[in-house]
Participant: 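Encoded as structure tokens, here's the structure I'll be asking about.
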Number of protein chains: 2
Amino acid sequence: MRIVSAAELRRSKSSADQSATWLNSIIKGDCVAALEALPANSVDTVFADPPYNLQLGGDLSRPDQSKVDACDDHWDQFDTFKAYDDFTRAWLLAVRRVLKPNGTIWVIGSYHNIFRVGTILQDMQFWILNDIVWRKTNPMPNFRGRRFTNAHETMIWASRDQDAKQYTFNYDAMKMANDDVQMRSDWVFPICNGGERLRGADGKKVHPTQKPEALLHRVLLSSTQPGDVVLDPFFGTGTTGAVAKRLGRHFVGIEREQDYIDAASARIEGIRPEPIAQLVVTEGKKALPRVAFGALIETGYIAVGDVLQDSKKRWQATVRLDGSLDCNGETASIHRMGAKVQELDACNGWTFWHVDKGDGFLPIDDLRRQYREKLGAAA
Amino acid sequence: MRIVSAAELRRSKSSADQSATWLNSIIKGDCVAALEALPANSVDTVFADPPYNLQLGGDLSRPDQSKVDACDDHWDQFDTFKAYDDFTRAWLLAVRRVLKPNGTIWVIGSYHNIFRVGTILQDMQFWILNDIVWRKTNPMPNFRGRRFTNAHETMIWASRDQDAKQYTFNYDAMKMANDDVQMRSDWVFPICNGGERLRGADGKKVHPTQKPEALLHRVLLSSTQPGDVVLDPFFGTGTTGAVAKRLGRHFVGIEREQDYIDAASARIEGIRPEPIAQLVVTEGKKALPRVAFGALIETGYIAVGDVLQDSKKRWQATVRLDGSLDCNGETASIHRMGAKVQELDACNGWTFWHVDKGDGFLPIDDLRRQYREKLGAAA
DNA sequence: ACTAAGGCTGAATCACAAG
DNA sequence: ACTTGTGATTCAGCCTTAG
């Protein structure tokens, strides 16, 4: 595990292969300074678990009078909302610079801080794609009986800009992982506990807020591709790095505390990546090569003059040389013509139009599939 | 159903029974103007379902090209985040004035607006008690396959001030309603559909975002008492009013659109309140009359000189005439002595100390219960 | 060996009244 | 506004110890 400082990183900026300095490394130092030492547009996805600014009062006792081990670390202390907002804007601004135009960012938080994070993200022109609720199977109860059990945390998933439409979302992989129905915005996972929880020699937890690997697994599987660069500016004990390595993604972690760096480093060293073949996820039609209707004419799947009809044979149109259809003297693409005859705004011509070939009356989408299979075999 | 304007309301301000003008009424008009016509500190709980500031570019179509009946009403359009923030601050400020010091507010929203609402609530010194996730059993799918199914909405529950500790939370009623475990921050309900959904003569839904009554039922049951005043500044078709009336709470609705007022008015007229007896909810021990330990001595349940022991008989103490305990020459109350022998900060002496009576070795809390039952029988 | 019982703990903005 | 005393309050999961 390579551990570098922001200063070293800046010196290496002129080197030919500067990425070798920081890829799959932990950068020790302040988050903003470290981010400023990274090249612009170099990161595909950011996962950030910033301080929550809990603002806890006195001690909290359980009904048996034992004390709750609160998250009272110095890094979670902010004097005012304004101080927290300034901190948040600073690191988000630095993150925005290193993020690729089609990159996305995840931020996790609780009601103490997530509203402020969300507002600042929107103000900075990030475009929220979803808010995801992590429902905990085993949250800490409310001991005083004065509120509802705080049983969830919230993640915001956002693209860098409103018009960034090419971000990665492995829709079909998510659907596959969710028993063939769309993955929802509420996810259920237990909190990090048991063997996964890193503990020191004294048996105490190394980090007060270690996240479960299952959570990061779904995050990275849904929104990154193998070989992508995943940045975590609040690396902690390195859950993001561990899961990224296992899933064949590159990671960059930024962390100030040496204890956390030591734990993360040892942890990630022990991770073995999944075999490449198993990293391939289900892909939908969107990832398939686009096929122009005209290509089917060029290759003989469809002949000029063929008559296309809808499944119930209510309408018919004739194929022209340029791939347009002729219907009662009007010409248009397969999609526009389908829409026109049905008097709709739009229509998927591939599934609407059918053709009578030797094998029967079939949608032209079947011919497209045959064409693609032949393409794949040739490659 | 009484329907009044903000102007009428202002004129009635000097009348002896001004509340008769607005209680269980719909105020027609702008939300801020109407709120300013209401007396300060007059509302126990606010439920607000403000415009969501949905940023829908163009129309949204399903895969079969039918149109999604999107929420594109003019009242849901805000040009910029700043305009939405100004609007939000204005109505929250007006709400704050009419809210009682120990009142609470609920605001529901989606990721389009809830982060801004949460930030402004915090900036205005409201104190967030919980964020509640409404998980929809039947959300609208994501038709484009570019995001996770947006399957939840978020509610923020907040008190007026950080130090307002006397807000209503019917902890035991919620626990009872949740199979005897604490109610969590994630609630599951179907969206409002079927017979509950108000539709016009044309079969179209009257309001685009009608909330399910089950959601309001839990909101009001958890955080209000019978007879409380519940204000909804964006009344719409009056779900808040309908549930409030059914549960024996008073309501005040504010609404601009006459169509919604008509629908809400007819709807609420048809509601029959639950019988008073059924409105009583489970209460915790806090609501029981306080019993001094000395009273048990006065009435003979405990005798001076009786020996009290903890459940495992590790410690023992002797009862003194004034209700204090003697343990190795030291004297203290049942609670302080229990804490002292266990070397804890605090202890509930009623459940810690046991006594051997004819019926067995029982906690003195049992004797307190017997005493209370006799008190109740006498009353 | 295995089962049962009990202990421990987790991002928590966690009481209320009387004096 | 402050201190002091009473006494109300926990779920799921893992781990250790007892049987």
Side-chain angles (χ1 to χ4, degrees), chain A residues 49-73 75-78 81 84 108-114 134 136-154 190-197 199 203-205 207-212 234 236, chain B residues 102 122 126-131 158-159 162-167 169 171-172 175 178-185 283-288 290-294 312 323-324 332-339 345-353 364-365 368:
Chain A
D49 182 11
Y52 284 13
N53 191 23
L54 287 189
Q55 305 171 36
L56 302 177
D59 285 337
L60 178 64
S61 296
R62 301 170 192 273
D64 66 0
Q65 299 303 326
S66 67
K67 289 270 185 293
V68 172
D69 183 13
C71 176
D72 53 1
D73 300 68
W75 48 255
D76 197 43
Q77 311 292 323
F78 293 86
F81 282 131
Y84 187 80
I108 185 167
S110 66
Y111 66 85
H112 310 84
N113 71 321
I114 199 67
W134 167 28
K136 303 177 184 182
T137 56
N138 48 351
M140 192 188 297
N142 182 291
F143 294 120
R144 292 299 183 119
R146 296 297 296 147
R147 304 179 178 198
F148 298 95
T149 303
N150 191 10
H152 73 275
E153 294 187 27
T154 301
I191 59 178
C192 183
N193 230 326
E196 188 186 329
R197 187 89 196 206
R199 293 182 189 279
K204 288 186 179 165
K205 53 193 178 192
H207 193 281
T209 68
Q210 186 183 338
K211 295 292 175 286
F234 305 96
Chain B
N102 280 298
Q122 289 180 316
F126 285 96
W127 192 247
I128 298 180
L129 299 168
N130 279 114
D131 59 333
S159 60
Q162 177 175 0
D163 57 359
K165 303 289 188 187
Q166 308 285 327
Y167 60 86
F169 178 55
Y171 173 81
D172 294 279
K175 187 170 175 175
N178 196 39
D179 292 342
D180 270 333
V181 292
Q182 293 186 339
M183 187 68 79
R184 297 166 42 114
S185 56
E283 291 196 356
K285 288 186 186 165
K286 277 192 187 130
L288 296 176
R290 187 175 165 274
V291 173
F293 182 62
K312 295 185 180 171
S324 62
S333 72
I334 53 172
H335 309 296
R336 293 304 322 146
M337 188 59 79
D345 287 342
C347 166
N348 182 345
W350 290 109
T351 52
F352 178 74
W353 294 111
I364 57 175
D365 202 29
R368 179 171 64 162

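Note: hydrogens, waters and symmetry copies are ignored here, and every other heavy atom, side chains too, is used. Predicted model only: the values in this text are computed from it and were never measured.
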Participant: Which of these nucleotides, dC14(C), dG10(C), dG7(D), is closest to any side-chain atom of K165(B)?
Facilitator: dC14(C)
Participant: For the side chain of H335(B), starting at C-beta, report the closest nucleotide among dC16(C), dG7(D), dG10(C).
Facilitator: dG7(D)
Participant: Which one is paired to dA5(C), where only Watson-Crick or G-U wobble pairs with both distances under 3.5 angstrom count?
Facilitator: dT16(D)
Participant: Starting at CH2 of W127(B) and ending at P of dA15(C), how long is that distance when rounded to a whole Å?
Facilitator: 12 Å
Participant: Measure the distance from CD on E196(A) to C1' on dG10(C) and round it to the nearest whole Å.
Facilitator: 14 Å
Participant: Give G58(A) one of three labels, base, sugar-phosphate or nothing, depending on what nucleic acid heavy atoms sit under 4.0 Å from its own.
Facilitator: base
Participant: If you check the R146(A) side chain, which of dC16(C), dA8(D), dG10(C) turns out closest?
Facilitator: dC16(C)
Participant: For a quick check of understanding: with a heavy-atom distance under 4.0 Å over all strands, which category does Q122(B) fall into, base, sugar-phosphate or nothing?
Facilitator: base
Participant: Hey, does the Lys NZ or Arg CZ of R144(A) hover above the aromatic six-ring of Y171(B), less than 6.0 Å from the centre and inside 45° of the axis?
Facilitator: no
Participant: Name the nucleic acid region contacted by R368(B), choosing base, sugar-phosphate or nothing; use a 4.0 angstrom heavy-atom cut-off, strictly under.
Facilitator: sugar-phosphate
Participant: dG7(D), dA12(C), dA11(C): which one has an atom nearest the side-chain heavy atoms of V68(A)?
Facilitator: dA12(C)
Participant: Kindly determine whether D365(B) and R368(B) satisfy salt bridge (charged side-chain N to carboxylate O under 4.0 Å, His left out), including the steps that lead there.
Facilitator: CA-CA 5 Å; D365(B) 202 29; R368(B) 179 171 64 162; 2.7 Å; yes
Participant: Between R290(B) and dG7(D), is there a contact of a side-chain N or O with OP1 or OP2 at under 4.0 Å?
Facilitator: yes
Participant: For D49(A), report the nucleic acid contact type (base, sugar-phosphate, nothing); a contact means any heavy atom under 4.0 Å.
Facilitator: base
Participant: Output the rounded distance in Å from CG (D179(B)) to C1' (dC11(D)).
Facilitator: 14 Å
Participant: For C192(A), report the nucleic acid contact type (base, sugar-phosphate, nothing); a contact means any heavy atom under 4.0 Å.
Facilitator: nothing
Participant: Nearest to the side chain of R336(B) - dC14(C), dT6(D), dA12(C)?
Facilitator: dT6(D)
Participant: Report which part of the nucleic acid I334(B) touches: base, sugar-phosphate, or nothing (heavy-atom distance under 4.0 Å, all strands).
Facilitator: nothing
Participant: Output the rounded distance in Å from CG (L56(A)) to C1' (dC14(C)).
Facilitator: 10 Å
Participant: Using a cut-off of 4.0 Å on non-hydrogen atoms, how would the nucleic acid contact of N142(A) be classed: base, sugar-phosphate, or nothing?
Facilitator: base
Participant: Checking all strands, does Q166(B) fall into the base, sugar-phosphate, or nothing category for heavy-atom contacts under 4.0 angstrom?
Facilitator: sugar-phosphate
Participant: Considering only the P atoms, how many Å lie between dT9(D) and dG10(C), rounded to the nearest integer?
Facilitator: 25 Å
Participant: Please state whether the rings of W75(A) and H207(A) are parallel, tilted or perpendicular, taking 30° and 60° as the class boundaries.
Facilitator: parallel
Participant: Would you mind classifying the nucleic acid contact of P50(A) as base, sugar-phosphate or nothing, using non-hydrogen atoms under 4.0 angstrom?
Facilitator: base
Participant: What's N348(B) touching, base or sugar-phosphate or nothing? Going by heavy atoms closer than 4.0 Å.
Facilitator: base
Participant: What are the two closest non-hydrogen atoms of N142(A) and T149(A), and how far apart are they?
Facilitator: N-OG1, 4.2 Å
Participant: Within the 4.0 Å limit for protein heavy atoms, which parts of nucleotides 12-19 of chain D are touched? Write it as a string from 5' to 3', B for base, S for sugar-phosphate only, - for none.
Facilitator: SSSS----
Participant: Quick one: do D69(A) and K205(A) make a salt bridge, cutoff under 4.0 Å?
Facilitator: yes
Participant: On a whole-Å scale, what distance lies between the C1' atoms belonging to dG5(D) and dA11(C)?
Facilitator: 32 Å
Participant: Which nucleotide, in any strand shown, forms a Watson-Crick or G-U wobble pair with dA17(C), with both distances under 3.5 Å?
Facilitator: dT4(D)
Participant: Tell which nucleotide pairs with dA11(C), taking only Watson-Crick or G-U wobble pairs whose two distances are both under 3.5 angstrom.
Facilitator: none
Participant: Measure from the side chain of K136(A), starting at C-beta and using heavy atoms only, and say which of dA8(D), dC14(C), dA11(C) lies closest.
Facilitator: dA11(C)
Participant: Looking at dT10(D), dG7(D), dC14(C), which one has an atom nearest to any side-chain atom of Q182(B)?
Facilitator: dT10(D)
Participant: Send over the distance from Q210(A) CD to dA11(C) C1', rounded to a whole Å.
Facilitator: 13 Å
Participant: Just checking D345(B): does its CG atom have more than 12 heavy atoms from other residues, nucleotides or ligands closer to it than 6.0 angstrom?
Facilitator: no
Participant: So what does Q65(A) touch, heavy atoms closer than 4.0 Å: a base, only the sugar-phosphate, or nothing?
Facilitator: base
Participant: Which whole-number value in Å describes the distance from R147(A) CZ to dT10(D) C1'?
Facilitator: 16 Å
Participant: Paired with dT9(D) by Watson-Crick or G-U wobble geometry, both distances under 3.5 Å: which nucleotide is it?
Facilitator: none
Participant: When you measure from the side chain of Y52(A), which nucleotide among dA15(C), dA12(C), dA11(C) comes out closest?
Facilitator: dA11(C)
Participant: Counting only N and O atoms by type, is there a donor-acceptor contact under 3.5 Å from the side chain of D76(A) to the main-chain atoms of L54(A)?
Facilitator: yes
Participant: To the nearest Å, how far apart are M140(A) CE and dC11(D) C1'?
Facilitator: 11 Å
Participant: Check whether any side-chain nitrogen or oxygen of S333(B) sits under 4.0 Å from OP1 or OP2 of dT6(D), and answer yes or no.
Facilitator: yes
Participant: Does K175(B) reach a base, just sugar-phosphate, or nothing at all? Heavy atoms under 4.0 Å.
Facilitator: sugar-phosphate
Participant: Starting from C1' on dA8(D), measure out to OH on Y171(B) and report it in whole angstrom.
Facilitator: 10 Å
Participant: So A346(B), base contact, sugar-phosphate only, or nothing? Heavy-atom distance under 4.0 Å.
Facilitator: base
Participant: Go through H112(A) and S110(A) one step at a time and tell me if the side-chain hydrogen bond (donor to acceptor under 3.5 Å, both in side chains) criterion holds.
Facilitator: CA-CA 5 Å; H112(A) 310 84; S110(A) 66; 2.5 Å; yes
